[in-house]
Q: 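My questions will all concern the structure given below.
Position 1 is the first residue of the sequence, and the numbers go up from there.
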Amino acid sequence: MKKLIYAAMVTALLGATSCVPTTNNNNKPNGKETEITDNTTDDNSKPDDKEQPAPDNKDGKDNKDDKSKKDDPKDDNTFKSAEGRFSINFPEPPAGPDKRTINTKAGTIEHVQYACSKGDKASFLVSYEDYPDGAITDANVEEKLKTLAESFMKNIGSKIDKSSSERLNGNKGLSFSGKRDKLTINMRSYFVGKRYYVIGTIAEESEISTKESNKFINSFKIK
């Protein structure tokens, strides 16, 4: 189930991305060569783990105590990407970056995705891609958001049941949701300049609540 959901997300995102630029050629150069770039810069490590060695202590006791627990905030799950220029609270370290190159008439677009699963029935994702200069304007951004959302849902075998306009630091976005069989799809997208972000969850209804899904989505921040 975990692999099925993840594969569905990749297919949907690539399909949605290719829809707007007009042509779709899903070249998949593995992405392994560039994968290290983002992981080395934004390793999902826990800074507090480096504080484990205790300072000099005559009693030979570990000085972590309750203080270290306070210093071990829930931020441990905050994933940061310098290359992606975002941060978000994944429930566990995500896999990625999974990088796919899409050739379009407007130019080459690189799709980058991070995702993790909760059990076998829920997946959390963040993806982004940069569109060519001039492709996204104030006049067309809302239509692009709508078209991409519709393509996303169509490619995953669903349709939009609910949608609403969003804003993030003044940048326009769109929340959209729908269902496919037992799966609930809850997504949000933004254009930040020419960069398109998609954040959301795909899960069986019994696995994660709408509140948990929205908490994940709302933790998304751009740098």
Q: Using the test salt bridge (Lys or Arg N to Asp or Glu O under 4.0 Å), find all partners of Glu205 that sit at least two apart in sequence or belong to another chain.
A: Lys179
Q: As an exercise, state the distance from CD of Glu166 to OH of Tyr190, rounded to the nearest 0.5 Å.
A: 5.0 Å
Q: According to salt bridge (Lys or Arg N to Asp or Glu O under 4.0 Å), who are the partners of Asp133, at least two apart in sequence or on a separate chain?
A: Lys194
Q: How long is the gap from CD1 on Ile217 to CD1 on Ile199, to the nearest 0.5 Å?
A: 7.5 Å
Q: Do Cys116 and Pro93 come close enough that some side-chain heavy atom pair is under 4.5 Å?
A: no
Q: Under the rule for salt bridge (Lys or Arg N to Asp or Glu O under 4.0 Å), what residues qualify as partners of Glu207, not counting sequence neighbours?
A: none
Q: Return yes if some donor-acceptor pair links the side-chain N/O of Arg180 with the main-chain N/O of Leu183 below 3.5 Å, else return no.
A: no
Q: Is any side-chain heavy atom of Leu168 closer than 4.5 Å to one of Ile222?
A: yes
Q: Using a strict cut-off of less than 4.0 Å between a Lys/Arg side-chain nitrogen and an Asp/Glu carboxylate oxygen, indicate whether Lys172 and Glu142 qualify as a salt bridge.
A: yes
Q: Is there side-chain contact between Ile160 and Glu150, with heavy atoms separated by less than 4.5 Å?
A: yes
Q: Using the side chain to side chain donor-acceptor pair (under 3.5 Å) criterion, which residues pair with Asn140? Sequence neighbours excluded.
A: Thr137
Q: Run Phe79 and Glu92 through side chain to side chain contact (heavy atoms under 4.5 Å, CB included) and show every step you take.
A: CA-CA 9 Å; Phe79 174 79; Glu92 61 181 64; over 6 Å; no
Q: Taking atom CZ of Arg188 and atom OG1 of Thr201, what is their separation to the nearest 0.5 Å?
A: 11.0 Å
Q: Rounded to the nearest 0.5 Å, what separation is found between the CD atom of Glu212 and the NZ atom of Lys118?
A: 3.5 Å
Q: Does some side-chain heavy atom of Thr184 sit less than 4.5 Å from a side-chain heavy atom of Ile202?
A: no
Q: Tell me the closest heavy-atom pair linking Leu174 and Lys146, and the distance in Å.
A: CD2-CA, 4.0 Å
Q: For a side-chain contact (heavy atoms from CB on, under 4.5 Å) with Met153, tell me which candidate from Asp161, Ile185, Leu148 qualifies.
A: Ile185
Q: Given the rule in the side chain to side chain contact (heavy atoms under 4.5 Å, CB included) test, do Met187 and Leu125 qualify, once you have shown the distances and angles that lead to the verdict?
A: CA-CA 9 Å; Met187 313 301 298; Leu125 76 95; 3.9 Å; yes
Q: Under 3.5 Å, side chain of Ser213 to main-chain N/O of Ser209, donor-acceptor pair present?
A: no
Q: How long is the straight-line distance from NZ of Lys215 back to OG1 of Thr210, given to the nearest 0.5 Å?
A: 14.5 Å
Q: Per the ring pair (Phe, Tyr, Trp, His ring centres under 6.0 Å) rule, what does the pair list look like for residues 202-223, sequence neighbours excluded?
A: Phe86-Phe220, Phe90-Phe216, Phe124-Phe216, Tyr197-Phe220
Q: Using a distance-only test with no angle check, is there a side-chain donor-acceptor pair under 3.5 angstrom linking Ser117 and Ser123?
A: yes
Q: Answer yes or no: is there a donor N or O on one side and an acceptor on the other, between the side chain of Ser87 and the main chain of Lys80, under 3.5 Å?
A: no
Q: What pairs with Phe176 under ring pair (Phe, Tyr, Trp, His ring centres under 6.0 Å), at least two apart in sequence or on another chain?
A: Phe152
Q: Stepwise, does the side chain to side chain contact (heavy atoms under 4.5 Å, CB included) test hold for His111 with Ser127?
A: CA-CA 7 Å; His111 171 85; Ser127 73; 3.5 Å; yes
Q: Looking just at side-chain N and O atoms, do Thr101 and Glu110 make a donor-acceptor pair shorter than 3.5 Å?
A: no
Q: Determine the minimum heavy-atom distance between Ser219 and Ile88, stating which atoms define it.
A: OG-CG1, 3.2 Å
Q: Just do the side chain to side chain contact (heavy atoms under 4.5 Å, CB included) check on Leu145 and Phe191 with the steps written out, would you?
A: CA-CA 8 Å; Leu145 286 164; Phe191 266 111; 3.7 Å; yes
Q: Mind checking whether Val198 and Tyr128 have side chains closer than 4.5 Å, heavy atoms only?
A: no
Q: Check the side chains of Ser177 and Asn186 for a donor-acceptor pair under 3.5 angstrom, ignoring hydrogens and angles.
A: no
Q: Nearest 0.5 Å, what's the CG-OG distance between Asp181 and Ser158?
A: 9.5 Å
Q: Are any of the side-chain nitrogens in Arg100 or Asp98 under 4.0 Å away from the carboxylate oxygens of its partner?
A: yes
